[in-house]
Amino acid sequence: MNMKKLYCVVLVFAFMICGTLAYSTSVSAAKIAEWKMDEGGGASVGDFSNSGKDGVRTGATWVDGVMGSALNFTGSDTYVTVPSSIAGLSSWSVKAWIKPGNSANDCYVYSEKTLSTNFYVKVTSQNELVVGTWNANRADNWDVISTASDKIIRNKWNYIVVTLEGAGMEAGSGTVKCYVNGILAGGGGLGSCQPYAITGAEGAVGEIMTVLLTRLDGGIGKTPGADFDNIYPWSEMKLCNVADDGEINAYIGNDDFKRDGSNGQVMVRIPKFYYKRTYDGSKQVFSVADGPASGYKLHPAFIRDGIEKPHVLVGAYEGWVDSNSTLCSVSGVYPTTSKTIGEFRTYAQKRGTGWNQIDVQSYSAIQILYLVEYANINSKAAIGVGKTSWNSIPTGLCDGIANGASGAVSQAVSYRGIENIWGNLKTYLEGINLQERAIYTADHDFASDTFTEPYTYTGLGVSGASGCVGIFRYSEKTDWLFVPECVSFCHAISDYKQAYGGNTVVNVGGNVNDATGMFAIGYNNGSSINYNTLGSRIAFIP
């Protein structure tokens, strides 16, 4: 499930995956990830490559290392989980300090596994260094090389370097070399892991959009929920507690994870992914990939003012303003209403640098993830209608739904831990302003009634009509943006769109009369409006 686990050994100082093609004592290409594992405490294992691939420690204990601290792994229930790096690469190098103990068991230094990818570096009971790759498209799937025995010394520090150059799908197509303490210990031919995993769906577009989409690529034969729990990026959408400085204090399942705000705001981490959306006049295709596959672009949720981000964090709950006038995401409160978008912006930003309301880029990322997973534009039919009467409900009604799952409880709905993303209250979106129904967007420095830098015209606009959503407007320039448009009759989707003229802000989700849904949208309020049906949701951009 697009994770890497390090276990059964003490691993310290540097663990890097790089583009280097031959052994060197220094890194000669950009680092993909580097975990020094010298924090000495806490659950977080920092990535020092500036790639944002921080890890989460489970079970492993802090001990003394070669330099500073190290982590001691004593079995398969002690590991560090970090984002994917190997899949799709034909050349890479891995470097690590390890100190295997006396155990006769295999000791995994690094592993990465998805439904279509498997890769590992391990030390065997015979003290061999073994490298294996699994490719779903390869005839025999696995390709494995091993050094001779007794190349690794137990109870002593070993510096290992494994490099792969020019690997393709075929077994033995690349050259792998294994070094131990600066000496070539073995090598041979090795194939690559599965290329970038692509999952998609498409729907016909005529007078109206097809409600049920056709699954494509890795989505073929899959059903929403459990099948997608093992496909990136869904596999890494996780509930977590986030401190005001943006540090992730705990993930759901950790003993110190709390829903009441005592260990940080309750957020859902959405990891960086790539996307493609096309329209040929008869159908729209929506696809996501776990890496920069051909024709795919990094989703703009993960590029802010030109700087690439490893993830975005979105409030698990509708926003509540506490006694300190700070926007919160916690369970067991009634969400705050009757504030303008500017007031909510101030409450969110009061939490610190990086905090704001959810923005259109993050919301669009959630929309395409939902579409590809459920292959159904009608989110109410797929998951639940949501709260559709005027009196609002408290946060936390979906707390009993397992992490990563979606569903409905007591009129509340949840998509992968994000509660009431439609229904109950309409939610303001940052980063999108309309001037006479022409759409402008920005990915930073949010402000209302602004149509100059950083806001730019998308090439898209909306009609003044209000009604049931039936189509998505499309612009190649802004293909990531979902612009629902209504049709002249009640379509099976039944999400509702409203639009007025002048300068307007945007709200999403809908709240009454069964007009809710993932694609319900309002372009109908000015920035000075505050209603008891309008709320907010906090977000953090690293």
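Sequential numbering from 1 along the given sequence is applied to the chain's residues. Note that this is a predicted model, so its numbers are computed, not measured. Heavy atoms only: backbone and side chains are in, while hydrogens, waters and symmetry mates are out.
- Ion pairing between Lys151 and Glu128 fails under the 4.0 Å rule for side-chain N and carboxylate O.
- Listed here is the closest heavy atom pair of Ala171 and Asp143: CA-OD2, 3.2 Å.
- A donor-acceptor distance shorter than 3.5 angstrom exists from the side chain of Ser91 to the backbone of Gly166, with no hydrogens or angles considered.
- Counting heavy atoms from C-beta outward, Tyr275 and Pro300 have side chains that approach closer than 4.5 Å.
- A donor-acceptor pair under 3.5 Å is absent between the side-chain atoms of Ser173 and the main chain of Ala167, judged by distance alone.
- Applying the 6.0 Å contact sphere to CG of Asp255 captures no more than 12 heavy atoms from other residues, nucleotides or ligands.
- When Thr163, Leu129, Ile160 are each tested for a side-chain contact (heavy atoms from CB on, under 4.5 Å) with Cys178, only one passes: Leu129.
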Take Asp77 and Thr58, measure what side chain to side chain contact (heavy atoms under 4.5 Å, CB included) needs, and give me the verdict at the end.
CA-CA 7 Å; Asp77 57 350; Thr58 299; over 6 Å; no
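- In terms of heavy atoms, Ile366 sits closest to Tyr415 at CG2-CD2, 4.0 Å.
- Using a 4.5 Å cut-off on side-chain heavy atoms (C-beta onward), Tyr108 and Phe73 make no contact.
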So Asp443 and Arg304, salt bridge (charged side-chain N to carboxylate O under 4.0 Å, His left out) or not? Walk me through it.
CA-CA 6 Å; Asp443 61 20; Arg304 302 304 175 125; 5.8 Å; no
Would you sort out whether Leu239 and Tyr251 count as a side chain to side chain contact (heavy atoms under 4.5 Å, CB included), showing the intermediate values?
CA-CA 6 Å; Leu239 279 161; Tyr251 285 90; over 6 Å; no
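- Between the Thr78 side chain and the Thr74 main chain, a donor and an acceptor come within less than 3.5 Å of each other.
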Passes salt bridge (charged side-chain N to carboxylate O under 4.0 Å, His left out), Asp479 versus Lys276? Steps please.
CA-CA 8 Å; Asp479 59 1; Lys276 182 171 68 172; over 6 Å; no
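- One N or O on the side chain of Glu373 and one on the backbone of Gly225 form a donor-acceptor pair closer than 3.5 Å.
- Arg57 places a side-chain N or O within donor-acceptor distance of the main-chain N or O of Gly42, the cut-off being under 3.5 Å.
- Under a 3.5 Å cut-off, the side chain of Glu419 and the backbone N or O of Gly396 do form a donor-acceptor pair.
- You'll find the side chain of Trp62 stays beyond 4.5 Å of the side chain of Asp64, heavy atoms only.
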Please assess Tyr120 against Val130 for the test side chain to side chain contact (heavy atoms under 4.5 Å, CB included), listing each intermediate value before the final yes or no.
CA-CA 8 Å; Tyr120 67 79; Val130 180; 3.9 Å; yes
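- A cation-pi contact, defined as under 6.0 Å to the ring centre and within 45° of the axis, links Lys36 to Phe48.
- Residues Ser406 and Tyr374 are in side-chain contact: their nearest non-hydrogen atoms beyond the backbone lie under 4.5 Å apart.
- At distances below 3.5 Å, not a single donor-acceptor pair connects side-chain atoms of Thr199 with backbone N or O atoms of Gly219.
- Put simply, the side chain of Lys309 never gets that close to the backbone of Ile303: no donor and acceptor are under 3.5 Å apart.
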Taking it one step at a time, do Asp229 and Arg416 satisfy salt bridge (charged side-chain N to carboxylate O under 4.0 Å, His left out)?
CA-CA 10 Å; Asp229 290 346; Arg416 292 204 163 264; 3.0 Å; yes
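- Ring geometry for His299 versus Phe273: interplanar angle of 30 to 60°, hence tilted.
- Closest non-hydrogen pair, Tyr296 versus Ser287, comes out as OH-CB, 3.2 Å.
- For the residue pair Asn420 and Glu318, a side-chain donor N or O sits within less than 3.5 Å of a side-chain acceptor on the partner.
- Residues Ser44 and Asp54 have side chains that never bring a donor and an acceptor to within less than 3.5 angstrom of each other.
- Tested against Arg259, the residues Ile252, Asn241, Val330 include a single side-chain contact (heavy atoms from CB on, under 4.5 Å) partner, Ile252.
- A donor-acceptor pair shorter than 3.5 Å can be found between the side chains of Asp260 and Ser262.
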Report the C-alpha separation of Trp92 and Phe119 in whole Å, then their side-chain angles, then the decisive distance to 0.1 Å, and conclude whether the ring-ring contact (aromatic ring centres under 6.0 Å, His included) test is met.
CA-CA 12 Å; Trp92 43 257; Phe119 164 79; 5.0 Å; yes
List the steps, then state whether ring-ring contact (aromatic ring centres under 6.0 Å, His included) holds for Trp234 with Tyr370.
CA-CA 10 Å; Trp234 299 271; Tyr370 163 80; over 10 Å; no
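- A donor-acceptor pair is defined here as one N or O able to donate and one able to accept, closer than 3.5 Å; such a pair exists between the side chain of Asp359 and the backbone of Ser362.
- A pairwise comparison of heavy atoms in Pro100 and Ile152 identifies CG-CG2, 3.8 Å as the closest pair.
- Taking 4.5 Å as the limit, every side-chain heavy atom of Phe540 sits out of range of all side-chain heavy atoms of Val314.
- At a threshold of 4.5 Å between non-hydrogen side-chain atoms, the residues Glu202 and Thr278 do not count as touching.
- Between Arg215 and Lys222, the closest heavy-atom pair is NE-O, 3.0 Å.
- Annotation for Gly191 and Leu164: closest pair O-CD2, 4.4 Å, computed over non-hydrogen atoms.
- Judged by distance alone, the side chains of Arg154 and Asn127 do bring a donor and an acceptor atom under 3.5 Å apart.
- Gln357 and Ser536 form a side-chain donor-acceptor contact under 3.5 Å, judged by distance and modelled atom types alone.
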Applying side chain to side chain contact (heavy atoms under 4.5 Å, CB included) to Phe446 and Asn356, what does each step give before you reach the verdict?
CA-CA 9 Å; Phe446 302 134; Asn356 219 306; 3.6 Å; yes
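- In terms of modelled atom types and a separation under 3.5 Å, the side chain of Trp480 and the main chain of Gln361 share no donor-acceptor contact.
- Here the side chains of Val109 and Val94 are not in contact, with every heavy-atom distance at 4.5 Å or above.
- Side-chain contact between Tyr159 and Lys95 is present, with at least one heavy-atom pair separated by less than 4.5 Å.
- In summary, the side chains of Asp256 and Asn249 do not present any donor paired with an acceptor at a separation below 3.5 Å, with no hydrogens or angles considered.
- Atom CG of Leu190 sits about 6.5 Å away from atom CD1 of Ile145, to the nearest 0.5 Å.
- For the pair Lys350 and Tyr347, the cation does not sit on the ring face, since its NZ or CZ is not both under 6.0 Å from the ring centre and inside 45° of the axis.
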Decide yes or no on salt bridge (charged side-chain N to carboxylate O under 4.0 Å, His left out) for Lys122 and Asp106, but give the supporting numbers first.
CA-CA 7 Å; Lys122 71 177 181 180; Asp106 289 353; 3.0 Å; yes
